[in-house]
Asks: 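Please see the structure below; I have some questions.
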2 protein chains.
Amino acid sequence: MTMDRVAARAGTNKNAIYRRWPHRAALGIAAYRHLTDAVMPDPDTGSLRGDALAMLRQANETWSSPYGAILRGLLAAAADDPELLTLMRERSGADTMDRAWLTMLRRAAARGEAPAAAVHLRVATTPMMLLRAEYVTRGLPSVPDQVLTEIVDEVFLPLVHGRGSGRRQALNQIENREGGGEHAQQ
Amino acid sequence: MTMDRVAARAGTNKNAIYRRWPHRAALGIAAYRHLTDAVMPDPDTGSLRGDALAMLRQANETWSSPYGAILRGLLAAAADDPELLTLMRERSGADTMDRAWLTMLRRAAARGEAPAAAVHLRVATTPMMLLRAEYVTRGLPSVPDQVLTEIVDEVFLPLVHGRGSGRRQALNQIENREGGGEHAQQ
DNA sequence: CGTATACGGTACGCGCCGTACCTTAAAAGT
DNA sequence: ACTTTTAAGGTACGGCGCGTACCGTATACG
């Protein structure tokens, strides 16, 4: 993903590219938008598990594609540039993704498949966060499907059902929060 | 984190550094080891919540330090080099960390604070994975303490208690696995 | 037909990595 | 005490990649 290569691949030279995009990063963001605008179909398979797996599989496929490779490299290059990172996140449709997960949870709650307390942003974003972290720790462009099912079956679904379904942990959390909550920030 | 700067800061020049470490990455790995060897005290606060928070806080502090900044930059630079990444992970004591989380869960299970089914690698690694993903999505340098408590209270503890505590989701998962398990890989 | 705007091409400066060559000081051997 | 081996510091270079400046050329507009 060098500018020279991009230019060569486009049949021209760097100059034409720098006329349209100020930075290398801007080009990457544009590529990302172009990539994400195409897809993201808000799956509705009828079960929470099916929806979650569909989302994860689609995301995994996206990030494994050649575009994804470019994206990952670009993201890595921008790791030390906070403002660039926020720009990428803003324009990347990441919160569109989060909203999709939330509506997915709402549908599940409406079906009685999940407690209402599971409709929570932190819960909704957890699977994608885990997938992202998996990308970071592995060097690989693709995550095996087994990992995706494990994220869903061993973490996401137990988490969804663990929230609000018991009174024991609710009490636990309340009484423990007394001792830990006021550390908030330093 | 340029080699010239490192050399200048060490009061010498690049040459001496390249005599000891073959790559820039090797230097970073050494720095990481030097960093992680010092700490990691396997906290035992008496409650699962306290232990988890202690681990997360300590990790957050570590990654926010100047060393952490170097590490993050280095990790970003190595994002497209799988063999280097595995080398970093092998020598980084990441699985030491995972083991610490597992023993933490075992202690909690022994105290009756968590079901035995919660002693699971995927569960144990989840909080650190979430923290890592938080670092990726934010520009960092540091994650506010509120996020850490949210990871623990909204995800980790419900997840721990959600596993094995109910028979409904167990059945759910079994019957659903019929329809999804054999997708394994493509 | 002259002019303005956009495009293609070459070349350059800067920063950084990694290496090669040279000089100098300390350690080891005789 | 003198020589030789070894380790260290210093300078310079080649390569790569980003971003910019300068130059030539084609197409649109008055």
Side-chain angles (χ1 to χ4, degrees), chain A residues 1-35 63 65-92 135-136 138-141, chain B residues 1-35 63 65-92 135-137 139-141:
Chain A
M1 173 63 180
T2 76
M3 293 303 267
D4 294 292
R5 284 194 184 280
V6 170
R9 200 173 186 288
T12 176
N13 58 350
K14 284 191 300 184
N15 224 332
I17 298 176
Y18 277 104
R19 280 192 231 282
R20 303 195 177 283
W21 296 279
H23 307 297
R24 191 177 108 95
L27 175 61
I29 292 174
Y32 194 15
R33 277 206 67 81
H34 179 71
L35 175 64
W63 284 89
S65 74
Y67 284 107
I70 294 174
L71 252 288
R72 286 183 289 110
L74 185 69
L75 192 91
D80 277 344
D81 195 334
E83 62 175 308
L84 190 82
L85 249 169
T86 56
L87 188 71
M88 283 193 69
R89 196 168 63 259
E90 279 172 10
R91 302 200 175 180
S92 71
Y135 279 125
V136 173
R138 297 163 176 261
L140 304 164
Chain B
M1 174 63 181
T2 77
M3 294 302 268
D4 293 292
R5 283 193 185 281
V6 170
R9 200 173 185 287
T12 174
N13 58 349
K14 283 190 302 183
N15 225 332
I17 298 176
Y18 277 104
R19 280 193 230 282
R20 304 196 176 282
W21 297 279
H23 307 297
R24 193 178 108 94
L27 175 61
I29 292 175
Y32 194 15
R33 277 207 68 81
H34 179 71
L35 174 64
W63 285 90
S65 75
Y67 284 106
I70 294 174
L71 250 288
R72 287 181 289 107
L74 184 69
L75 192 91
D80 277 346
D81 195 333
E83 63 173 307
L84 189 82
L85 248 169
T86 57
L87 188 73
M88 282 192 71
R89 193 168 65 260
E90 279 171 11
R91 302 199 175 179
S92 72
Y135 279 127
V136 173
T137 56
L140 320 83

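Labels below follow one simple rule: chain letters A, B, ... track the order of the sequence lines, proteins then strands, and each chain is numbered from 1.
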Asks: Could I get a table of every N or O pair under 3.5 Å where one atom is in the protein and the other is in nucleotides 13-16 of chain C?
Replies:
none

Asks: Among all residues two or more places apart in sequence or in another chain, which pass the side chain to side chain contact (heavy atoms under 4.5 Å, CB included) test with Ala7(A)?
Replies: Lys14(A), Ile17(A)
Asks: Please round to the nearest 0.5 Å and tell me the distance separating atom CG of Asn15(B) and atom CE of Met3(B).
Replies: 10.5 Å
Asks: Work out which heavy atom in Trp21(A) is nearest to a heavy atom in Ala30(A); give both atom names and the distance.
Replies: NE1-CB, 3.6 Å
Asks: Name every residue in residues 8-20 of chain B that has at least one heavy atom under 4.0 Å from any atom of DNA chain D, in order of residue number, or write none if there are no such residues.
Replies: Thr12(B), Asn13(B), Asn15(B), Ala16(B), Arg19(B), Arg20(B)
Asks: Contact boundaries of DNA chain D with chain B (under 4.0 Å, heavy atoms), 5' to 3'?
Replies: dA8(D) to dT11(D)
Asks: Any protein N or O atoms within reach of nucleotides 24-27 of chain C? Criterion: under 3.5 Å, listing atom names and distances.
Replies:
none

